[in-house]
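A short worksheet on the structure shown next.
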Amino acid sequence: MVSRVRKSCGWLRFGGMVVGLWILLSHNPSFADVGHIRVSAGLGGLGSEWRGDGAMATQLKLGFRLFDVVGLYGDFGLAYADVDQRVITQFAIGIQAWARIGITRPFVRVSLVHQHEESLSVIAGDFGRAILGLGEGIRHRGGVGFGLGVDIPVYRRKKLELFMTVEAIVKWFPGDMGPAVYAGGALAFGLNYGV
């Protein structure tokens, strides 16, 4: 009998917490959205530890920010680097956390990176297979990436927000198949949509 009463009290406490959380999320405007779908695209530049090895890069990010604080994202990018005239294809998954300073949203990010480095001749032979990392002569590299930047809102309407991002990027790869460190920055534009 006592154990049944304890179980009932436990369920009541749990139910009370769920109802309280629902009230907080549905009636407080700053927490009205449980999450945001995020999409952004940008351009940037990178340098490596190799002398004269500059690269122009593109960036496409897809992500989901939970409770306006932390998010999961995927990142795809293409770059062209001077040394060895190589094309760099990057796939990354990571976690990003945001703070709030006025209207701006500073962030920090950590990610796992898979990168292909291939010469223009490999790309010219079969563009589709080379981009997917299936061609001959492709160096597959795994590493970690770090980002530090800020989102700046430029337009808001209901659940939609358009923003600009400025960020610094560092990538590190173990091994000697290419440069160990890449560093640079990017400028991107994107949108958040509350769900």
Side-chain angles (χ1 to χ4, degrees), residues 9-46 56-79 88-116 128 131-133 142-172 182-195:
C9 288
W11 281 108
L12 286 173
R13 280 194 299 264
F14 177 75
M17 289 187 325
V18 169
V19 169
L21 183 61
W22 177 80
I23 290 170
L24 174 68
L25 293 175
S26 63
H27 293 84
N28 185 338
S30 63
F31 290 102
D33 298 326
V34 172
H36 296 93
I37 296 170
R38 294 176 51 86
V39 179
S40 68
L43 292 171
L46 295 168
M56 292 299 297
T58 63
Q59 179 187 79
L60 174 64
K61 289 185 185 176
L62 305 171
F64 186 78
R65 181 167 64 195
L66 187 62
F67 295 118
D68 207 33
V69 176
V70 66
L72 300 173
Y73 81 96
D75 183 356
F76 171 75
L78 286 174
I88 299 168
T89 308
Q90 172 194 286
F91 302 91
I93 57 171
I95 298 174
Q96 186 163 305
W98 288 263
R100 186 181 297 275
I101 299 176
I103 65 166
T104 66
R105 302 301 306 271
F107 62 81
V108 61
R109 179 178 64 249
V110 63
S111 57
L112 297 175
V113 180
H114 180 79
Q115 185 165 292
H116 306 152
I131 293 299
L132 295 174
V144 292
F146 304 94
L148 182 65
V150 62
D151 289 343
I152 304 165
V154 294
Y155 175 79
R156 282 188 184 141
R157 183 172 176 99
K158 297 184 181 178
K159 294 186 175 197
L160 176 68
E161 176 186 74
L162 302 180
F163 63 90
M164 176 178 72
T165 298
V166 179
E167 67 179 317
I169 302 162
V170 175
K171 299 187 287 186
W172 175 77
Y182 288 86
L187 175 67
F189 293 91
L191 65 85
N192 287 325
Y193 186 77
V195 294

Looking only at non-hydrogen atoms, find the nearest pair between [X] and [Y] and report the distance.
X: Phe64; Y: Val195; value: CE1-CG2, 3.6 Å
X: Ile95; Y: Tyr73; value: N-CE2, 4.0 Å
X: Val144; Y: Val113; value: C-CG2, 4.0 Å
X: Trp98; Y: Gly71; value: CZ3-N, 3.5 Å

Determine whether Ile37 and Asn192 make a side-chain contact, defined as any pair of heavy atoms from C-beta on separated by less than 4.5 Å. no
Indicate yes or no: at least one non-hydrogen side-chain atom of Phe146 is less than 4.5 angstrom from one of Ile169. no
Using side-chain contact (heavy atoms from CB on, under 4.5 Å), reason through Tyr182 and Ile88 one step at a time and then give a plain yes or no. CA-CA 11 Å; Tyr182 288 86; Ile88 299 168; 3.8 Å; yes
Only one of Arg156, Arg38, His36 clears side chain to side chain donor-acceptor pair (under 3.5 Å) with Glu161; which? Arg156
Enter the distance from [X]:[atom1] to [Y]:[atom2] here, rounded to the nearest 0.5 Å.
X: Gln59; Y: Glu167; atom1: CD; atom2: CD; result: 5.0 Å
X: Asp151; Y: Phe163; atom1: CG; atom2: CZ; result: 5.0 Å
X: Leu60; Y: Leu78; atom1: CG; atom2: CG; result: 10.0 Å
X: Thr58; Y: Leu43; atom1: OG1; atom2: CG; result: 7.0 Å
X: Thr89; Y: Gln115; atom1: OG1; atom2: CD; result: 8.5 Å
X: Leu62; Y: Ile93; atom1: CG; atom2: CD1; result: 13.0 Å

Using atom types as modelled and distance alone, determine if a side-chain donor or acceptor of Arg105 lies under 3.5 Å from a backbone N or O of Asp68. yes
After noting the C-alpha distance and the side-chain angles of Leu187 and Thr165, does the key distance pass the side-chain contact (heavy atoms from CB on, under 4.5 Å) rule? CA-CA 6 Å; Leu187 175 67; Thr165 298; over 6 Å; no
Are Asp75 and Arg109 close enough, and set up right, to give a salt bridge (Lys or Arg N to Asp or Glu O under 4.0 Å), and what steps lead you there? CA-CA 12 Å; Asp75 183 356; Arg109 179 178 64 249; 5.3 Å; no
Please check if atom CG in Leu191 has more than 12 non-hydrogen atoms from other residues, nucleotides or ligands closer than 6.0 Å. yes
